[in-house]
Amino acid sequence: MTVRTRFAPSPTGFLHIGGARTALFSWAYAKKHGGKFVLRVEDTDLARSTPEAVQAILDGMDWLGLTYDEGPLYQMQRMEHYQKRLDQLLESGHAYYCYSSKDELDVLREQQKQQGVKPRYDGKWRPEEGKTLPEVPADTKPVVRFKNPQGGVVSWHDMVKGKIEIANTELDDVIIARSDGTPTYNFCVVVDDTEMGISQVIRGDDHVNNTPRQINMINALGATVPQYAHLSMILGADGQKLSKRHGAVSVMQYHEDGYLPEAILNYLARLGWSHGDDEVFDMQQFCEWFDLDHITPSAAQFNTEKLNWLNAHYIKTIDIDVLSADITQRLDKLGVSAKMEPPIKRVLELYRERASNLNQLASDIAYFYVRPEAHSDDVEKHITSEIKPVMQKMLETLKNTVWELEAIHHVVSSTVKENSLKFPKVAMPLRVMLVGIAQSPSVDEVMAILGKEEVLQRIESYLK
RNA sequence: GUCCCCAUCGUCUAGAGGCCUAGGACACCUGGUUUUCAUCCAGGCAACAGGGGUUCGACUCCCCUUGGGGACGCCA
């Protein structure tokens, strides 16, 4: 059987971290087995679905590089399929019309909750042999319900959780078409997963309880039941569920916040899945290794520190042109143009080693393009009246120096020697004068990159 | 309330009955490299939720307790 997996988000919000991992695992499973990955947009909830959300999801997938072989397919464009299957179930007696009103159902639910029992449909309109149904009310539009089997159990071997078994007595008759005729989630999923030939349904943990109903419907339709893999959820850093006001942010927010997609992907891959002691790997490697057997069934807490560590790693190792393009954009956002000298690639080659965040990296190197304003504390501390004459003398030497790293280095170290100083005594004031702060890579390297004219001018401005 | 699921260092995890004196990674601490900071390198701290079984032997299998999560919509 050919492997076909799917990612089926509902466009009611952006693509968040949990959805991204679900998509990643489905994508990787298809890749691993030479199958197809389908993107299906579950937009049957007209009230809450928006085109903006669709776009946000597409953008997120695109940024992460989770390419789909088919789709995006929209459920709203597949109405005739659902209608056909609905008719099939109605005709075969696996579904029936129910005239119970919403209010009626609400009252029922309230009563059941108060009695401490599981809220469920009471089966009022469920046709039964020898049962006489109530008289059909004149002005109510009926919903269609699936006639769930009443006895026995539904069980399946979940590919991550193992055997799961739920008694049919726990299940009531779900509404599969609303009174306006539109099909509901559980039914659309069943029709789509079977018609699209999905072989492995990889989805969030929260769907475990929908699975037995879906299996019953698939059986009633006479279709093949796919394999299921239910991924546990991703918790916030504090162990709490992610919610809108609590950590559930769009994956695009991570882009904004200075993360590389490579880092997010690698991090997500290791959240709930493992391959021995391997921690750092690219997506090609991941797709080769990925399997459902090594997914943890328990929930995982999101850990920003580890993400930062991976981000630092990828900042160090990705293609320098990619990094340059990214940082150039981030500098733009800071109002800094990196189009002039020094070449950003040269700067990044020196600075990428020390960064763990793209925004941080961009703001750290901004002083190559915009003269920094030094903090008065640093100026006071390092640019002392004793050192100024030394710097003045060095400035003169620098003017006659060939602008190469070795020569610059020589000037700095001779200054140290000639004045019998400790290296930092010279390096620190230099740093403050050149970059505005007391931390930077080797001053000679910074000087080499900054350029002669700029270096001379920046030093001079402190010696007037 | 009912049903379902889950449970190894602070966090992510390895672990398919003896390989476990429980391994790796992040974080943290210490030391080294370094021109400051960072990087990098070396070392260290740190866990099988509790109780019963099964077995010659249990982190691994079973049961219970506890704790956590999820589901119970004309939402998906």
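As the structure is a computational prediction, the values presented were derived from the model and not from experiment. Quick note on labels: first sequence line is chain A, next is B, and so on, each numbered from 1.
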Query raised in the report: The side chain of A:E279 lies closest to which of these nucleotides: B:U35, B:U13, B:A25?
Result: B:A25
Query - Basic-acidic side-chain contact under 4.0 Å: A:E279, A:K306 - result: yes
Query - Nearest-angstrom distance from the residue atom CG of A:N186 to P of B:A76 - result: 9 Å
Query raised in the report: Between A:I166 and A:V143, which is nearer to the 5' end of RNA chain B once each is assigned its nearest nucleotide?
Result: A:I166
Query raised in the report: Start at the 5' end of RNA chain B and walk down; is the nucleotide closest to A:T182 or to A:E445 reached first?
Result: A:E445
Report task. Pick out which of A:N148, A:D172, A:N186, A:D173 makes a side-chain hydrogen bond (donor to acceptor under 3.5 Å, both in side chains) with A:R213. Result -> A:D172
Query - Proximal nucleotide (of B:C74, B:U35, B:A76) relative to the A:Y185 side chain - result: B:A76
Query raised in the report: Rounded to whole angstroms, how far apart are CG on A:D277 and C1' on B:C9?
Result: 15 Å
Query raised in the report: Is there a side-chain contact (heavy atoms from CB on, under 4.5 Å) between A:R270 and A:L310 once you walk through the steps?
Result: CA-CA 11 Å; A:R270 279 288 290 109; A:L310 281 167; over 6 Å; no
Query raised in the report: Please walk me through it: do A:Y351 and A:F368 pass ring-ring contact (aromatic ring centres under 6.0 Å, His included)?
Result: CA-CA 12 Å; A:Y351 279 72; A:F368 279 100; 5.5 Å; yes
Requested in this report: Kindly say if A:R48 contacts the phosphate of B:C74, meaning a side-chain N or O under 4.0 Å from OP1 or OP2.
Outcome: no
Query raised in the report: Quick check, are the ring centers of A:W273 and A:F25 under 6.0 angstrom apart?
Result: no
Query raised in the report: B:U35 phosphate, OP1 or OP2: any side-chain N/O from A:S442 under 4.0 angstrom?
Result: no
Requested in this report: Considering only atom P, compute the distance from B:G18 to B:C62 and round it to an integer number of Å.
Outcome: 16 Å
Query raised in the report: Say you draw a straight line from NZ of A:K452 to CD of A:E404; how long is it, rounded to the nearest 0.5 Å?
Result: 10.5 Å
Query raised in the report: Whole-Å distance between B:C74 C1' and A:D173 CG?
Result: 14 Å
Query - Whole-angstrom distance between B:G44 and B:C9, as gauged at atom C1' - result: 14 Å
Report task. Look at A:R6 together with A:D193 and state whether they make a salt bridge at an N to O cut-off of under 4.0 Å. Result -> yes
Query raised in the report: How is A:P9 classified with respect to the nucleic acid when contacts are heavy atoms under 4.0 Å: base, sugar-phosphate, or nothing?
Result: nothing
Query - Pair of N/O donor and acceptor under 3.5 Å linking B:C74 base with A:S179 side chain - result: yes
Requested in this report: Scan every strand shown for a Watson-Crick or G-U wobble partner of B:U2, both distances under 3.5 Å, and answer none if you come up empty.
Outcome: B:A71
Requested in this report: Would you tell me if any nitrogen or oxygen in the side chain of A:K316 comes within less than 4.0 Å of OP1 or OP2 on B:C40?
Outcome: yes
Query raised in the report: How would nucleotides 64-70 of chain B be written as a contact map, 5' to 3', with B for base contact, S for sugar-phosphate-only contact and - for no contact, using protein heavy atoms under 4.0 Å?
Result: -----SB
Query raised in the report: Does a side-chain N or O from A:T296 land closer than 4.0 Å to OP1 or OP2 of B:U13, or not?
Result: yes
Requested in this report: Report yes or no: is there a donor-acceptor pair, N or O only, under 3.5 Å between the side chain of A:R431 and the base of B:U35?
Outcome: yes
Query - Spacing of A:Q214 atom CD relative to B:C72 atom P, expressed in whole Å - result: 12 Å
Query raised in the report: Is the shortest side-chain N to carboxylate O distance from A:D106 to A:R109 below 4.0 Å?
Result: yes
Report task. Would you indicate which nucleotide in B:C12, B:U35, B:C5 comes nearest to any side-chain atom of A:Q301? Result -> B:C12
Requested in this report: For B:A47 and B:A22, measure between their C1' atoms and round to the nearest Å.
Outcome: 9 Å
Query raised in the report: Of the nucleotides B:A76, B:U11, B:C72, which one has an atom closest to the side chain of A:N210?
Result: B:A76
Requested in this report: Check the distance between B:U35's P and A:L421's CG and give it to me in whole angstrom.
Outcome: 16 Å
Query raised in the report: Under 4.0 Å between a side-chain N/O of A:R109 and OP1 or OP2 of B:G73, yes or no?
Result: yes
Report task. Would you mind reading off the distance between A:L268 atom CG and B:C12 atom P, rounded to a whole angstrom? Result -> 14 Å
Query - Carboxylate-amine/guanidinium contact A:K381 A:D377, below 4.0 Å - result: no
Query raised in the report: How far, in whole Å, is B:C41 from B:U33 if one measures between their C1' atoms?
Result: 8 Å
